[in-house]
**Q** 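Attaching a single structure in structure tokens format; questions to follow.
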Amino acid sequence: MTAQHRRPARVADGDDLDAAIAGADRVLVLFYTTGCSLCQAIEPVVGNVARDTGVPVVMVNPGDDIGLVDEWAIRSVPTLVLVEDGTEVGRLADGFQGGDAIEAFIADHA
């Protein structure tokens, strides 16, 4: 994923997620589920955050690859996980977050 990749990318499963993370120094992962209204509401917000910060966003539905629930300790959606060099450096799992809160979260974990 290049810095020009500003729109959230959807990946199908853990293998695709691993590949997306491996291809970026820093990535924001959005764990979501279909039918989750908060997840739908946060999608355009993270798109704006990606454009404003240059941090690529990858979206994955752990319901499509149930192993992700345990691997990433997903207890609620939406969950945002900031990954740097393949390692989780921060997590926001408090429901819907606005763009300013997400950008501050990224800056706090820089």
Side-chain angles (χ1 to χ4, degrees):
M1 233 176 280
T2 66
Q4 287 119 359
H5 190 85
R6 300 284 194 246
R7 296 179 65 196
R10 290 182 192 267
V11 296
D13 56 26
D15 290 339
D16 289 349
L17 178 58
D18 291 344
I21 289 171
D25 295 335
R26 181 185 238 200
V27 63
L28 184 64
V29 181
L30 169 59
F31 291 91
Y32 74 96
T33 56
T34 306
C36 163
S37 59
L38 294 177
C39 301
Q40 291 171 346
I42 206 169
E43 184 176 347
V45 173
V46 295
N48 290 335
V49 167
R51 280 187 291 282
D52 292 346
T53 64
V55 175
V57 175
V58 177
M59 298 176 58
V60 64
N61 182 344
D64 293 340
D65 185 346
I66 205 68
L68 291 170
V69 172
D70 286 333
E71 180 182 346
W72 288 87
I74 302 303
R75 301 294 171 249
S76 63
V77 290
T79 292
L80 293 166
V81 178
L82 185 62
V83 178
E84 247 182 61
D85 299 321
T87 302
E88 179 179 332
V89 295
R91 175 179 294 241
L92 266 178
D94 301 323
F96 179 85
Q97 299 289 317
D100 290 344
I102 296 170
E103 288 182 26
F105 162 75
I106 291 170
D108 288 347
H109 293 87

**Q** Considering all heavy atoms of both residues, which atom of Y32 and which atom of R10 are nearest to each other, and what is their separation?
**A** OH-NH1, 3.0 Å
**Q** Give, for atom CD1 of I102 and atom OG1 of T53, the distance between the pair rounded to the nearest 0.5 Å.
**A** 10.0 Å
**Q** Considering all heavy atoms of both residues, which atom of C39 and which atom of P78 are nearest to each other, and what is their separation?
**A** SG-N, 3.8 Å
**Q** Under the side-chain contact (heavy atoms from CB on, under 4.5 Å) rule, collect the residues that match up with Q40, sequence neighbours excluded.
**A**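 Once residues adjacent in sequence are excluded, Q40 has no partner under the side-chain contact (heavy atoms from CB on, under 4.5 Å) criterion.
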**Q** Throw together a table of side-chain donor-acceptor distances under 3.5 angstrom for residues 14-31, partners on residues two or more places apart or in other chains.
**A**
residue: D16; atom: OD2; partner: A12; partner atom: N; Å: 3.4
residue: R26; atom: NE; partner: E84; partner atom: OE2; Å: 3.0
residue: R26; atom: NH2; partner: E84; partner atom: OE2; Å: 3.0
residue: R26; atom: NH2; partner: H109; partner atom: O; Å: 3.3

**Q** Honestly curious: do I106 and F96 fall in one hydrophobic cluster under the side-chain, below-4.5 Å linking rule?
**A**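 Same cluster: I106 reaches F96 through Ile, Leu, Val, Met, Phe, Trp or Tyr contacts under 4.5 Å.
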**Q** Got a second to check how far E103's CD is from D108's CG, nearest 0.5 Å?
**A** 12.0 Å
**Q** Could you pull out the closest heavy-atom pair between G98 and V45, with the gap in Å?
**A** C-CG1, 3.8 Å
**Q** Hey, any chance V46 and V89 share a hydrophobic cluster, counting ILVMFWY side chains that come within less than 4.5 Å of each other, even indirectly?
**A** yes
**Q** Taking all heavy atoms of V57 and all of A50, pick out the closest pair and write down the distance.
**A**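 Closest pair (atom of V57, atom of A50, distance): CG2-CB, 3.8 Å.
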**Q** If I compare all heavy atoms of A73 with all of R91, which pair ends up nearest, and what's the gap?
**A** O-NH1, 3.1 Å
**Q** How long is the gap from CD1 on I66 to CG on D13, to the nearest 0.5 Å?
**A** 13.0 Å
**Q** Between Q97 and L92, which heavy-atom pair has the shortest distance, and what is it?
**A**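 So the two residues come closest at CG-CD1, 4.1 Å.
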**Q** Could you state the interatomic distance from CG (N61) to CD1 (I74), rounded to the nearest 0.5 Å?
**A** 11.0 Å
